[in-house]
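Everything below concerns the one structure shown next.
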Amino acid sequence: MADLPPYLQEQTEENILSRMLDKVPSDIDKSEGSFIWDAQAPVAFMLSEAALWAQELLRRGFASTAASDDARFRSAELDLRTAEHGITRREAVASTGHVLFKGKPGTKVPAGTFVATPADDVSGELAVEFVTTQAALLDENGTASAAIRAVTAGKNGNVSAGVIQVMFSSVSGIASVTNPEPTRSGADTESDQSLLERFYAKVRSQGTSGNKAQYMLWANEIAGVGGVEVVPLWQGPGTVGLYLLDTDKRAASADIVEAVQQHIDPTRDGQGEGLARRGRL
């Protein structure tokens, strides 16, 4: 935003008091500590406070200055500003992945089983909890894989391979659990800067009639999307290809791809289903 208007910059307590005293006749004592000075000083202070409120109101009225650079802060005023153009802040996304159970062959691990990373009492690091989203049956080798989702949405659920080691739910016949690969695609509630970028994209590059800008706007409305590439005429007339990244700039998970697919084209055919699994529409 440009500099504040002069009438706001000049409204300091000292300047206001000086102007007020200038209005007092010169034959009246208006030195510091006099009756007139003591009567006008509190008024000058309150008027300067009102000027600060006006500055803050002006700052929060523009998207560029309402947005915070602090990734931990979310501006309610920015939400209101972007909502005027149909853009809402994307919610946090829970990370996903797979765990490998080992134990007695034939043991069934039900969906809804809780696993976690170990807590660290020394550093104070809390356990990160996950829940299985599908049942698993240990094979003849005593192993089974199951999909998991973080209990709490956010980037904190993106953990390294091999760190999920704790069974929070007791399942008889299970000896151990681990995650062979990192969990990924967890995302925090959209930051102010990301929301601001999408706001600018909407108001500066109008998406209309199914052009590339409109497909990018549609895809970016889905929580967890961090990047979009649009390929017109991907498989000939009437087709559009989208390549998606998550907020860590890695290939988007199947859940994110599916969410974008359903948002843009929920009537896709069987071929579209296969493409979604490979991270594109």
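- A donor atom on one side chain and an acceptor atom on the other are found under 3.5 Å apart for Gln11 and Arg19.
- For Thr12 and Asn15, the side-chain atoms include at least one donor-acceptor pair closer than 3.5 Å.
- A donor atom on one side chain and an acceptor atom on the other are not found under 3.5 Å apart for Ser68 and Asp70.
- Panel note: side chain Lys212, backbone Pro232; no donor-acceptor pair is recorded below 3.5 Å.
- Asp188 contributes no side-chain N or O that, together with a main-chain N or O of Glu190, makes up a donor-acceptor pair within less than 3.5 Å.
- Taking 4.0 Å as the cut-off between side-chain N and carboxylate O, Asp79 and Arg89 count as a salt-bridged pair.
- Considering only heavy atoms from C-beta on, Phe73 comes within 4.5 Å of Asp192 through its side chain.
- With no hydrogens or angles considered, a side-chain donor-acceptor pair links His263 and Glu221 at under 3.5 Å.
- Considering all non-hydrogen atoms of both residues, Ala127 and Ala119 come closest at N-CB, 3.8 Å.
- Counted by atom type alone, Glu258 and Gln262 present one or more donor-acceptor pairs between their side chains at under 3.5 Å.
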Decide salt bridge (charged side-chain N to carboxylate O under 4.0 Å, His left out) for Glu77 and Arg81; before the verdict, give the C-alpha distance in whole Å, the side-chain angles of both, and the deciding distance to 0.1 Å. CA-CA 6 Å; Glu77 289 77 17; Arg81 187 72 181 90; over 6 Å; no
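- Leu137 approaches Ala144 most closely through the heavy-atom pair O-CB, 3.4 Å.
- In plain terms, the two heavy atoms of Lys108 and Val171 that are nearest each other are O-CG1, 3.8 Å.
- Heavy atoms only, all atoms of each residue included: Ile28 and Ile36 are closest at CG2-CG1, 3.9 Å.
- Under the 4.5 Å side-chain contact rule for hydrophobic residues, Ile164 and Ile174 share a cluster.
- Scanning all heavy atoms of the two residues, the minimum distance from Gly224 to Val93 falls at N-CG2, 3.6 Å.
- Panel note: side chain Ser75, backbone Ala66; a donor-acceptor pair is recorded below 3.5 Å.
- Taken together through direct or relayed side-chain contacts under 4.5 Å among Ile, Leu, Val, Met, Phe, Trp and Tyr, Leu138 and Leu100 form parts of separate hydrophobic clusters.
- Other residues, nucleotides and ligands contribute more than 12 heavy atoms inside 6.0 Å of the CD atom of Gln165.
- The shortest non-hydrogen separation linking Arg250 to Thr183 is NH2-O, 4.3 Å.
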